[in-house]
Amino acid sequence: MQRWWPVQWSELLLVLLLVTASRAASGRPPHNTTTAKLSLRNNSFCQSGLFWRLPAKDTCPGSILPLRGTVYILYDVNISEGFNLRRDVYIRMAVFVRRLRRRKRFRNVRLVLPPWPRLYHWHSHGLDQSNLMWRNFFDLDSLRRYAPVLDYDEFVAEYRQFGMPAPPYVHVSQAFRLTHYEIMKEQGIFRDKYERITPEDSNGRRIEACNENSVSGGPLLQQRLLRYDRYHCVRFQGSAGLLERMLREAIDEDTSGIEDVDDMRVYAVLSAETVLHDNWGDEHFWMARRSMRFSKFLNQVAADFRLMALSTTDTTAGVQRPAMWELERPKRDARGGDYLCAHLRRGDFVRSRESTTPTLKAAAQQIKQLLRAFNLTTVFVASDATPYELLELKELFYRFRFVHFTPESNVQRQQLKDGGVAIVDQLICAYARHFVGTYESTFTYRIYEEREILGFSKSSTFNTFCKALGGNCARNAVWPIVWNDEDDERFY
């Protein structure tokens, strides 16, 4: 008897609790339905113009008050474009957004950095190389001191503050897929212009560039949480400043009256490489470029390698690298480490640019001639050559020291990824006594720019491999850095 009561009483309590819970559940909607309705109500209210005019602190988080009238500009680049051209497209967009935020309607503009997809040149297996954030490669704090930028996951987190239903779907009002005009000049004159076009040509055939399911303009719209309303195919010809007209037209279409004039907006620009620089190579271009400091991790890996393998530091190389890019000043007396750097492009260049890309033997002959000219014994080679090609090239330098960077462990390889290895290569080449690169390679161009910032002479930087030793050959253009010591506000 003393055992029976506790056991039976506990079972009876359990039955009563289950019955009570069942009746309560049948008398009201499920909790997740209520939450969803509340989220949707907050969503529509937090974005509406009424929120900015009524005391809605108890309904919407106060953290979004500074986001009044925010315009988020998402962009992406043709999927076939490489890492270094994408960096140049960023400069075009950053200069544009920095200028745009001086306009009243765009005072809260944000440039959202597109996640890095797995690029064509990232060949390594066993690495997670898709959907990478920019902070894997760049110092975001440095970027933000030039332009208002957000990594993609930061954008989603900020967007969530508006009370979006879970999961926090990102609603893009309008997406613009840019494509070139078939005829770029009118009576021999290049004019800035754009126009929305139908996805079919005059013969009823679908224009592939206007296929909204294609990732050729960039895989941005394939992001899991992203939803878009209207998709436009736009013929576009002109500089980044022309985007302002296109965005203002979109905002006018999305604004019904005074009640929603301050609503948050999200727009996407695909194939942004179609957009030209507003002023390529001027002080604004170089300010944006100088702000593109690499991540502290990548800088440290490169510094450790330069010290251990090449006995080179910032001090011995005589370069300028202050803690903030804003403190950099004109300089032309950097000495560099006791080594020569050669960027030798292989891969598709061997086929697509056969007339300007040297063979391994021809490249080795030119490098050895430069080593003797500068009384150096060490060459650092940055290349996308295969392991077999690198071994073949190394054998051609039996009287010289041949150095090439590879991750020191699988852990470091996982951290760096192919993009990080390329950046480390560039940071090592940037500190060399003398540099020679490949004709028309954007990888070479980025090293040119880095050396200009560090303070090297033009003669030690803007050098190009010839097809063969001693022959006449095409040279890459020389574009020296432009400095501006005055307040750049007057340029806007």
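Counting from 1, the numbers follow the sequence of the chain as shown.
- Note that the CG atom of L140 and the CE atom of M133 stand 10.5 Å from one another [nearest 0.5 Å].
- Under the 6.0 Å cut-off for aromatic ring centres, F456 and F435 do not qualify, their centroids lying 6.0 Å or more apart.
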Quiz prompt | Verdict with reasoning, F138 to F294, per ring pair (Phe, Tyr, Trp, His ring centres under 6.0 Å) | solution = CA-CA 4 Å; F138 297 95; F294 297 118; 5.6 Å; yes

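- Side chain of T274 to main chain of S271: a donor-acceptor pair is present (N/O by atom type, distance under 3.5 Å, no hydrogens or angles).
- Rounding to the nearest 0.5 Å places CG of L111 at 11.5 Å from OH of Y146.
- The pair R293-E328 meets the salt-bridge criterion, since a charged nitrogen lies less than 4.0 angstrom from a carboxylate oxygen.
- By the 4.0 Å N-to-carboxylate-O rule, R87 lies too far from E449 to be salt-bridged with it.
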Exercise. Might you work through the salt bridge (Lys or Arg N to Asp or Glu O under 4.0 Å) test for R446 and E450, ending with a clear yes or no?
Key: CA-CA 6 Å; R446 302 296 85 82; E450 204 68 33; over 6 Å; no

Quiz prompt | Step-by-step side-chain contact (heavy atoms from CB on, under 4.5 Å) determination, H121 to D348 | solution = CA-CA 10 Å; H121 298 106; D348 56 322; 4.1 Å; yes

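- In terms of modelled atom types and a separation under 3.5 Å, the side chain of N131 and the main chain of P115 share no donor-acceptor contact.
- Checking S216 against R177 by side-chain atom types alone, a donor-acceptor pair falls below 3.5 Å.
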Exercise. Decide yes or no on salt bridge (Lys or Arg N to Asp or Glu O under 4.0 Å) for R145 and D141, but give the supporting numbers first.
Key: CA-CA 6 Å; R145 292 200 302 275; D141 289 336; over 6 Å; no

Practice problem: For S383 and E389, run side-chain contact (heavy atoms from CB on, under 4.5 Å): C-alpha distance rounded to whole Å, both residues' side-chain angles, the deciding distance at 0.1 Å, then the answer. | Solution: CA-CA 10 Å; S383 180; E389 287 177 315; over 6 Å; no

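- Side-chain contact between R346 and T357 is present, with heavy atoms from C-beta onward closer than 4.5 Å.
- We find the NE2-CG distance between H404 and L390 to be 4.5 Å, quoted to the nearest 0.5 Å.
- Side-chain atoms of T444 come within 3.5 Å of backbone atoms of T438 as a donor-acceptor pair (strictly under, hydrogens ignored).
- K417 places a side-chain N or O within 3.5 Å of a backbone atom of D128 that can act as its donor or acceptor partner.
- When atom types are taken as modelled, the side chain of R335 and the backbone of R433 share no donor-acceptor pair closer than 3.5 angstrom.
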Exercise. For R321 and D314, run salt bridge (Lys or Arg N to Asp or Glu O under 4.0 Å): C-alpha distance rounded to whole Å, both residues' side-chain angles, the deciding distance at 0.1 Å, then the answer.
Key: CA-CA 8 Å; R321 184 59 86 185; D314 286 16; 5.8 Å; no

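- When F285, Y90, W286 are each tested for a ring pair (Phe, Tyr, Trp, His ring centres under 6.0 Å) with H277, only one passes: F285.
- Rounding to the nearest 0.5 angstrom, the gap separating the CG atom in L243 from the OH atom in Y267 is 13.5 Å.
- Counting only distance, with no hydrogens or angles, the side chain of E81 and the backbone of G218 share no donor-acceptor pair below 3.5 Å.
- Classification of the F137-W116 ring pair by plane angle, with boundaries at 30° and 60°, yields perpendicular.
- Side-chain atoms of T464 come within 3.5 Å of backbone atoms of N476 as a donor-acceptor pair (strictly under, hydrogens ignored).
- Within the 4.5 Å cutoff, the side chain of W122 has no heavy atoms near those of the L127 side chain.
- Under the 30°/60° scheme for interplanar angles, the aromatic rings of Y231 and Y228 are found to be tilted.
- A distance-only check finds no donor-acceptor pair linking the side chain of K458 to the backbone of W479 [under 3.5 Å].
- The OG1 atom of T70 sits 8.5 Å away from the CZ atom of R107 when rounded to the nearest 0.5 Å.
- For E158 and R110, the salt-bridge test passes: some basic side-chain N is under 4.0 Å from an acidic carboxylate O.
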Exercise. May I have the step-by-step check of side-chain contact (heavy atoms from CB on, under 4.5 Å) for F443 and D384, ending in yes or no?
Key: CA-CA 11 Å; F443 190 101; D384 60 342; over 6 Å; no

Quiz item: When you look at R332 and E452, which way does the salt bridge (Lys or Arg N to Asp or Glu O under 4.0 Å) test go after all the steps?
Solution: CA-CA 8 Å; R332 281 293 180 194; E452 280 291 282; 2.6 Å; yes

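- Sparse packing is recorded around CD of Q369, with 12 or fewer heavy atoms of other residues, nucleotides or ligands lying under 6.0 Å away.
- From R475, atom CZ reaches atom OH of Y439 across 11.0 Å, with rounding to the nearest 0.5 Å.
- With a 4.5 Å cut-off on side-chain heavy atoms, D418 and F83 do not count as touching.
- The backbone N or O of G241 sits less than 3.5 Å from a side-chain atom of D278, completing a donor-acceptor pair.
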Practice problem: Decide yes or no on side-chain contact (heavy atoms from CB on, under 4.5 Å) for R135 and D153, but give the supporting numbers first. | Solution: CA-CA 11 Å; R135 61 177 168 271; D153 59 348; 2.3 Å; yes

